[in-house]
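See structure below.
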Amino acid sequence: KAGVTQTPRYLIKTRGQQVTLSCSPISGHRSVSWYQQTPGQGLQFLFEYFSETQRNKGNFPGRFSGRQFSNSRSEMNVSTLELGDSALYLCASSQRQGSNEKLFFGSGTQLSVL
Amino acid sequence: AQSVAQPEDQVNVAEGNPLTVKCTYSVSGNPYLFWYVQYPNRGLQFLLKYITGDNLVKGSYGFEAEFNKSQTSFHLKKPSALVSDSALYFCAVSDASGGSYIPTFGRGTSLIVHP
């Protein structure tokens, strides 16, 4: 079974631009979560989608948005990029929602904002 | 609200020696606890989890973790470290009692195993 696939692997953008990141979960996994990883803050939860609906949202500004398609693939969009948005963005999938579900992570998209 | 503390940014250990990576947690109900490992330029990989039952949980690559309810800790251990264990380790907690099922992660501990 293929793992979680994130594209692109690296992105370089300038302030004010917008960016779209893509995530394909493991086949059969219906829950997709997004995390922002930075050296100082660790992993910060962005949002979680299940059956094309956003079920949970972290404490990020409205510039961060996402969606999930009927095949469970998910996209994350960041508009009006700021320097502080530079980070590794990780996508994780699981078969179900639930507190005891283990997450399967992709390798991430490294976003650099100049 | 739930939280995780990993008090050490970095742990250094010699190859062949036992290792411990510390984690303490706070959650309103009963915890589900997880350890993940991240190798350079990779995403996180699941190591082990505590749901209920035996306080000593065994996971991948010879790692184990001990759940201590009174100390609200879930330390990761391995009897004999390998250089290949060098990586970033994350502890995570979620609420088993009906709160948010989204896990909260610690800031990570960098484990460096010296030859």
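Here the structure is a predicted model, which is why all the values come from computation and not from measurement. Naming convention: chains lettered A, B, ... in sequence-line order (proteins, then strands); numbering from 1 in each chain.
No salt bridge links K77(B) with E64(B); every basic N to acidic carboxylate O contact stays at or beyond 4.0 Å. Under the 4.0 Å criterion applied to side-chain N and carboxylate O atoms, E82(A) and R63(A) are assigned as salt-bridge partners.
Highest contact tally toward chain A, considering only Y32(B), F90(B), F34(B), Y50(B), is held by Y32(B) [criterion: heavy-atom pairs under 4.5 Å]. Among the candidates E48(A), Q6(A), Q41(A), the residue making the largest number of heavy-atom pairs closer than 4.5 Å to chain B is E48(A). Heavy-atom pairs under 4.5 Å with chain B peak, among G108(A), S107(A), G42(A), S31(A), at S107(A).
Contacts of L44(B) with chain A are made by both backbone and side-chain atoms, with heavy-atom separations under 4.5 Å. Contacts of Q6(B) with chain A are absent, with no heavy-atom separation under 4.5 Å from either backbone or side chain. Contact annotation for N41(B): both backbone and side-chain heavy atoms come within less than 4.5 Å of a heavy atom of chain A. The part of L88(B) that comes within reach of chain A is its side chain, from C-beta onward, which places non-hydrogen atoms under 4.5 angstrom from that chain. L103(A) touches chain B through backbone and side chain together, each having a heavy atom under 4.5 Å away.
Listed here is the closest heavy atom pair of F105(B) and F105(A): CZ-CZ, 3.9 Å.
For the side chain to side chain donor-acceptor pair (under 3.5 Å) criterion with Y49(A), the lone passing option out of R30(A), Q68(A), R67(A), Q54(A) is Q54(A). Here the options are Y36(B), Y89(B), F46(B), the test is ring-ring contact (aromatic ring centres under 6.0 Å, His included), and the partner is F63(B); only Y89(B) passes.
A distance-only check finds a donor-acceptor pair linking the side chain of N77(A) to the backbone of V19(A) [under 3.5 Å].
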